[in-house]
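Presented below is the structure to which this report refers.
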Amino acid sequence: MTAAPVRVRQLARVLLVLGVLALFAVPVAIPQAAAGEPGSARFLQIRVDRVTPDIVTTAGEPVVTVSGVVRNVGDRPVRDVVVRLEAAAAVTTSAGLRTNLTGPVDQFEPIGGFTTLSAELERGQEVPFTLSYPLRSSTQPSFDIHEPGVYPVMVNVNGTPDYGAPARLDDARFLLPVLGVPRDPADDSDDTVSTVVPPDTSRPVGITLLWPLADRPRLAAGAPGGTTPVRLLDDELATALAPGGRLDVLLSAIEFATGSEVDPRGDIRTSTCLAVDPDLLVTVNAMTGGYVVNDGPDAGPGTPTRPGTGQEAATAWLNRLKGLAQRMCVVSSTYAQADLDALRRVGDPGLSAIATLVAGDIVDQILSTASVRGATLLADGPVSGPAVELLSSQGHNVAIGAANVADRHADGESSGNGGGEGAVLGADGPVDLRPVRYTAEVVAAPFDPAVGAALAGIGTDPVTPSYLDPALALPLHQDSEVARRQSGLGALLWRTLLPGAEPRTEILMPPLVWSPRPDDAHAVLTAVRTAITARLARPRPLTEVINDANAAPAGPLAPLPPADLGDPQARIDDAVVAGIAAVTGRLWGLTAALTTDVRTGLTGQAYTAPLREDMLRALSQSVPPEARNGLAQQRLSTVTRTVDNLFNAVTVVNPGGSYTLATERSPLPLALRNDLAVPIRVRLDVQAPPGMTVSDIGEIELPPGYLPVLVPIEVHFTQRVAVDVGLRTADGLPLGEPVRLSVHSNAYGKVLFFITLSAGAVLVLLAGRRLWHRFRGQPDPADLDRPDPLDVALSFDPDAEPGPAGGNRAREDSGGPDRTRSRSRPT
């Protein structure tokens with residue numbers, strides 16, 4: 001046997017083994033569904049379209065119906081599509097309002113068996129479903145609910161994808177609030193009172209609802225005050241203000257819910273306060289006078305624009321809000337929903353005051369009302385230590401924000417967390433909502449972050465607030481809008497169904513930029529009204545919240561919360577913060593030098609105010625966390641360029657030639673230019689060479705346009721020199737670029753002075769000598785060599801021929817007497 005056949009047989013064995021292994025590997029390479037959980041590759045998607053009733057009451061329907069559709073969103077057909085309704089025990093912890101809606105399903109028990117929807121569902125196809133079960137029944141499958149509470153419900157869909165095994169391919173979860181258990185449908189008893197289970201209404205919860213009216217910053221950056229027309233980044237606000245738009249829905253819903261016909265006792269009006277962003281009011285108010293919007297990417301003041309379309313909608317919406325504000329509580333949010341933690345790091349007291357204190361003045365001025373003061377809303381960000389320090393520096397304040405795991409009360413108890421580092425807030429029961437005093441000036445009035453996050457999930461644009469513990473975050477688009485609304489209603493009513501939860505108060509704080517549909521807004525307000533009507537809740541005005549918080553014991557103080565609470569992705573970068581601090585400092589310095597233009601009435605403060613407000617817009621928490629720093633840097637860069645242009649707009653005009661001074665005290669003529677819209681107080685900064693003295697002419701109020709100025713100087717040399725002239729504010733900030741003037745001086749200084757003095761002395765001596773001789777009747781010796789002027793005049797003959805030298809020849813008369821006179825000279 002040769003070596004070659006042996007190698008051939010060995011190679012054949014190797015190929016055979018590889019072929020067998022390949023056969024076993026093929027099934028592994030084919031995608032399969034997991035046996036118990038939805039896999040990473042989605043095959044089916046379930047959407048809940050309707051839940052009736054959305055709130056179960058003793059007088060309502062005893063049967064709950066859930067309907068929707070199942071759609072094949074995968075890349076292959078799915079066979080044996082079946083669906084089943086499941087339920088879990090009532091929620092007993094704040095964290096359970098979130099954790100029951102995602103993750104493991106061990107807590108759910110099936111209500112009935114699977115219902116077949118389709119033998120085979122092709123790609124892109126969908127099939128409807130409807131599942132109905134009573135709350136309780138002794139004769140048929142039911143939810144088996146026997147007491148009020150909030151119950152998690154899950155719609156479970158199973159199927160078998162091609163090349164896969166049967167598995168749970170998707171689920172949809174929501175919360176079902178049960179205010180009272182209705183009668184058993186199988187009970188034929190006429191005694192309806194004894195067959196229902198009502199809630200415990202002995203200890204109603206004081207409810208305060210903050211109804212948000214806010215938007216993302218829309219005003220384009222870098223436009224000083226007085227700039228017309230106003231420029232917006234886009235025209236989305238016109239859509240939001242128009243009938244059916246987001247802000248119109250919010251305003252219409254609260255208008256209707258607080259009307260005298262719907263709310264005759266004023267329960268909703270008393271418990272609700274409009275939370276208004278002053279930046280939205282400033283923008284809408286500007287839109288009423290006409291505006292333009294960017295017609296391309298924002299590139300500053302030179303961006304192409306087109307006319308805006310929302311002037312009429314803005315006028316109508318603002319007028320409606322003004323009317324509603326006359327009969328309702330109104331409170332201001334921080335300006336542009338600025339991040340107080342970042343604002344504290346900026347370290348500018350003036351900018352902080354605009355965000356928290358001046359914001360209320362803006363609301364009052366535009367709405368012609370008196371807003372509630374003494375409270376600061378932190379609707380999206382956590383109540384962090386830096387935020388508390390900022391508010392404490394501004395005096396007494398109640399911070400309305402999400403409770404956090406770090407809160408400790410005077411009795412040493414935590415705010416309902418699991419205890420220990422890394423614990424989830426509300427994991428062992430309801431979050432403690434008692435006021436927390438951090439400093440002598442600041443008390444926190446907390447709301448349950450799980451409830452706030454559930455409300456944030458309602459609507460067309462669900463968001464995850466940045467104050468929320470990442471462990472409680474949910475996929476925003478995991479469930480349908482109806483399912484998210486159900487979960488929001490369940491969270492809203494949850495504490496009212498827990499008689500043992502303390503304290504018996506709750507603040508309902510949706511996100512400021514909220515996007516509920518009309519049905520969503522109506523459902524939320526109806527839920528509040530239902531709870532109050534059922535005596536599970538009572539109206540609690542915002543003023544009561546503030547008074548109760550301020551009445552918290554003065555000590556011992558709770559330790560300040562940490563600075564790293566909430567979503568770390570939502571934190572504003574230090575580079576952005578440093579840039580804002582630098583630009584704001586320069587802007588305050590410029591503002592201090594500006595005065596009022598008497599022609600237009602525009603003040604320096606009003607001229608630069610939009611640029612400071614731009615810095616607050618850069619810190620807005622209304623922007624999604626993933627885009628927050630990028631948009632902040634973009635707005636900061638635009639404002640930085642504008643501020644540079646403002647400083648460079650005040651200059652000394654360069655004459656382009658040279659100045660020649662006639663004397664040593666000739667003034668230096670200058671022309672000052674101001675391209676700002678308001679006057680500015682400036683001082684000249686003249687860098688004179690040695691031998692030149694410049695007099696300080698003090699402050700100059702430079703109006704818009706040009707102003708000639710004569711600068712007194714004194715030179716002590718004769719030469720051409722360079723003089724650098726610049727402008728500064730009264731506080732020393734340089735303005736514009738300094739110019740270099742070429743100055744030529746004809747002054748001789750001290751030499752010329754002594755020459756002139758000596759010549760004057762000689763002249764005086766000579767004049768005195770002549771006068772001395774004249775007073776003594778003696779001719780001046782200096783005149784002896786010159787003829788007597790009288791003799792010259794007498795000898796002059798006008799008829800005589802001119803002599804060779806052009807003079808006259810003396811006339812001779814031989815027959816006449818000798819007319820020649822001789823003059824004797826004294827000896």
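Each residue takes its place number in the sequence, starting with 1.
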Walk me through whether Arg246 and Asp215 qualify under salt bridge (charged side-chain N to carboxylate O under 4.0 Å, His left out). CA-CA 10 Å; Arg246 184 183 66 83; Asp215 193 45; 2.9 Å; yes

Within a radius of less than 6.0 Å around [atom1] of [X], do more than 12 heavy atoms belonging to other residues, nucleotides or ligands occur?
| X | atom1 | answer |
| --- | --- | --- |
| Gln125 | CD | yes |
| Arg71 | CZ | yes |
| Phe256 | CZ | no |
| Glu255 | CD | yes |

[X] and [Y]: which non-hydrogen atoms are nearest, and at how many Å?
| X | Y | answer |
| --- | --- | --- |
| Thr160 | Ala165 | CG2-C, 4.0 Å |
| Thr258 | Ile268 | CG2-CG2, 3.9 Å |
| Glu122 | Pro77 | OE1-CG, 3.4 Å |
| Ile207 | Ser271 | O-CB, 3.4 Å |
| Gly180 | Pro148 | CA-CG, 4.1 Å |
| Ala527 | Ile55 | CB-CD1, 3.8 Å |

Whether [X] side chain and [Y] backbone form a donor-acceptor pair below 3.5 Å:
| X | Y | result |
| --- | --- | --- |
| Thr102 | Arg98 | no |
| Arg136 | His146 | no |
| Arg529 | Ala257 | yes |
| Gln486 | Leu175 | yes |
| Arg484 | Asp479 | yes |
| Asp171 | Met154 | no |
| Ser515 | Asp461 | yes |
| Arg203 | Pro499 | yes |
| Arg571 | Asp564 | no |
| Arg76 | Asp162 | yes |

Working to the nearest 0.5 Å, report the span between [atom1] of [X] and [atom2] of [Y].
| X | Y | atom1 | atom2 | value |
| --- | --- | --- | --- | --- |
| Thr530 | Leu179 | OG1 | CG | 7.0 Å |
| Ile46 | Glu126 | CD1 | CD | 12.0 Å |
| Glu502 | Asp432 | CD | CG | 9.0 Å |
| Asp277 | Ser622 | CG | OG | 7.5 Å |
| Gln621 | Asp339 | CD | CG | 4.0 Å |
| Ser94 | Asp428 | OG | CG | 9.0 Å |

Would you mind reporting whether Leu237 and Leu247 have side-chain heavy atoms less than 4.5 Å apart?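 Leu247 reaches Leu237 side chain to side chain.
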
Pro510 side chain near Ile458 side chain, heavy-atom distance below 4.5 Å: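 They are not in contact (no side-chain heavy atoms under 4.5 Å apart), so the answer is no.
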
Take Val83 and Val155 through the side-chain contact (heavy atoms from CB on, under 4.5 Å) test and state the conclusion after the steps. CA-CA 7 Å; Val83 68; Val155 182; 3.5 Å; yes

Parallel, tilted or perpendicular: which describes the rings of Trp514 and Trp211, with under 30° parallel and over 60° perpendicular?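 Perpendicular.
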
What's the verdict on side-chain contact (heavy atoms from CB on, under 4.5 Å) for Thr65 and Arg50, showing C-alpha distance, side-chain angles and the deciding distance? CA-CA 8 Å; Thr65 300; Arg50 189 178 182 186; over 6 Å; no

Kindly determine whether Thr464 and Asp567 satisfy side-chain contact (heavy atoms from CB on, under 4.5 Å), including the steps that lead there. CA-CA 9 Å; Thr464 299; Asp567 184 2; over 6 Å; no

I need the single residue from Val528, Thr208, Asp448, Val524 that forms a side chain to side chain contact (heavy atoms under 4.5 Å, CB included) with Leu508. Which is it?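 Exactly one option meets the side chain to side chain contact (heavy atoms under 4.5 Å, CB included) with Leu508, and it is Val528.
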
I'd like to know if Asp235 pairs up with Arg218 as an ion pair, taking the criterion as any Lys NZ or Arg NE/NH1/NH2 lying under 4.0 Å from an Asp or Glu carboxylate oxygen.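 Arg218 and Asp235: not salt-bridged.
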
What residues, two or more places apart in sequence or in another chain, satisfy side chain to side chain contact (heavy atoms under 4.5 Å, CB included) together with Pro465?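 With neighbours one apart ignored, the set is Asp380, Ala453, Ala456, Tyr467.
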
When you look at Leu44 and Asn72, which way does the side-chain contact (heavy atoms from CB on, under 4.5 Å) test go after all the steps? CA-CA 5 Å; Leu44 298 180; Asn72 186 340; 4.2 Å; yes

